[in-house]
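Given the structure is predicted, the values throughout are model-derived calculations rather than measurements.
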Amino acid sequence: MRLSKPFVTLSSLISAITLVTDVTSPDFRCYTSETHATATTIDVAAGSTLGIMSDGTIYHPGVSIYLALAIHSWNLVKSVNVYMARASNGDAASFAGDGAVWFKVYEIGAITNGGTSITWPAQNLPGVSFTVPRALPSGQYLVRMEAIALHSASTFGGAQFYLSCGQINTNPPTRTGTGNPGPLVAIPGVYTGYEPGILINIYYPVPTNYTNPGPAVWTG
């Protein structure tokens, strides 16, 4: 994983070939039970741009959310979602992210035109950048990105989630945001696997629309 502000390097939390298909698994959060990865906490000002860079381009069709992703198959990615969770103990490095503490800050979905065609802006991207919400309260946060490959998503459990997490410290200590991030969700728990943005045939019939799974984006 590489985070950028622009482009500050963090260590990746998952390998380039790891994926999760069970949205109820504890590994759906950051997949650290297998990788035992660690990362550096970096300072990022609220309102600035945070970049998530891939170790390869996104090639599976799909959507994405949450920090620099180590993945060899971005051409399969169709959608992306990025979530953040404030470390209630003040230390992102030791914060587990349990409970309803996650909120979405960015997403990339699909472009549709009523069933004639569907395109995926996240596909083949070298990375993702988004604005850290300006009203984000100061503190340390986990940042989680998921890239969802939907090429096999027409059956339950077929969607492939490529996950990566990082750690940031925001607004240190000269500024305090006054926003109230939300809606808050638990990860795992945010999805059932039956959402139309997860269980979907992207080929035929061509979808007339696409909605990213999960809550609305909090822009601050």
Side-chain angles (χ1 to χ4, degrees), residues 3 20 23-24 28-30 44-52 58 61-69 77-88 92 95 97-114 118-123 125 127-150 153 159-166 168 170-171 177-200 202 207-220:
L3 291 182
V20 177
V23 298
T24 68
F28 189 63
R29 186 175 300 156
C30 290
V44 179
S48 64
T49 298
L50 180 61
I52 303 167
I58 303 172
V63 295
S64 303
I65 19 178
Y66 312 136
L67 288 187
L69 183 65
V77 167
K78 296 311 183 204
S79 74
V80 171
N81 297 296
V82 179
Y83 291 85
M84 296 179 64
R86 189 179 187 185
S88 58
F95 179 61
D98 294 333
V101 295
W102 296 88
F103 55 97
K104 187 189 290 190
V105 294
Y106 187 69
E107 66 182 17
I108 304 175
I111 298 173
T112 62
N113 63 356
I118 185 168
T119 57
W120 305 93
Q123 191 168 359
L125 286 179
V128 172
S129 295
F130 66 96
T131 300
V132 177
R134 190 172 296 276
L136 188 72
S138 62
Q140 294 200 3
Y141 290 80
L142 297 180
V143 184
R144 174 187 178 274
M145 177 178 176
E146 64 187 16
I148 311 174
L150 297 172
Q160 299 174 359
F161 292 81
Y162 294 85
L163 310 172
S164 199
C165 293
I168 67 170
T170 187
N171 295 330
T178 58
N180 186 26
L184 298 178
V185 297
I187 300 175
V190 60
Y191 308 141
T192 66
Y194 289 98
E195 291 79 4
I198 295 175
L199 181 59
I200 181 175
I202 64 173
T208 58
N209 56 69
Y210 180 85
T211 301
N212 281 50
V217 170
W218 184 71
T219 60

Aromatic rings Phe130 and Tyr106: how do their planes relate, parallel, tilted or perpendicular, breaks at 30° and 60°?
parallel
What pair of heavy atoms forms the shortest contact from Val23 to Tyr191, and how long is it?
CG2-O, 3.6 Å
Rounded to the nearest 0.5 Å, how far apart are CG of Leu142 and CD1 of Ile187?
10.0 Å
Thr112 side chain vs Thr208 backbone, donor-acceptor pair below 3.5 Å:
yes
Applying ring-ring contact (aromatic ring centres under 6.0 Å, His included), can you list everything that pairs with Phe95, at least two apart in sequence or on another chain?
none
For the CG atom of Asn180 and the CG atom of Leu136, what is their distance to the nearest 0.5 Å?
11.0 Å
Is it the case that the side chain of Tyr210 and the backbone of Ile111 share a donor-acceptor pair, with hydrogens and angles ignored and the cut-off at 3.5 Å?
no
What are the two closest non-hydrogen atoms of Ser138 and Arg86, and how far apart are they?
O-NH2, 2.5 Å
Can you sort out the partners of Thr119 under side chain to side chain donor-acceptor pair (under 3.5 Å), two or more places apart, ordered by chain and number?
none
Compare every heavy atom of Pro133 with every heavy atom of Ala46, then report the nearest pair and how far apart it is.
CB-O, 3.5 Å
If we only count heavy atoms from C-beta on, is the Ile108 to Trp120 side-chain gap below 4.5 Å?
no
Do Pro181 and Met84 have side chains that approach each other closer than 4.5 Å (heavy atoms only, starting at C-beta)?
no
Treating Gln123 as the side-chain partner and Pro121 as the backbone partner, does any N or O pair qualify as donor plus acceptor under 3.5 Å?
no
Find out whether Pro207 and Ile200 are in side-chain contact, i.e. whether some heavy atom of one side chain is under 4.5 Å from a heavy atom of the other.
yes
Please check: side-chain N/O of Thr170 versus main-chain N/O of Val44, any donor-acceptor pairing under 3.5 Å?
yes
Hey, could you give me the OG/CZ distance between Ser48 and Arg134, rounded to the nearest 0.5 Å?
9.0 Å
Sequence neighbours excluded, the answer for side chain to side chain contact (heavy atoms under 4.5 Å, CB included) partners of Asn113 is Thr116, Ser117
Applying side chain to side chain contact (heavy atoms under 4.5 Å, CB included) to Asp98 and not counting sequence neighbours gives Arg29, Ala96
With sequence neighbours excluded, tell me which residues meet side chain to side chain contact (heavy atoms under 4.5 Å, CB included) with Pro215.
Tyr83, Lys104, Pro183, Val185, Val190
To the closest 0.5 Å, what do you measure between CD1 (Ile148) and OH (Tyr162)?
12.0 Å
Between Thr49 and Ser129, is the side-chain contact (heavy atoms from CB on, under 4.5 Å) condition met? List the steps.
CA-CA 6 Å; Thr49 298; Ser129 295; 3.8 Å; yes
Might you point out which heavy atoms bring Gly179 and Pro137 nearest each other, and give the distance in Å?
O-CG, 3.4 Å
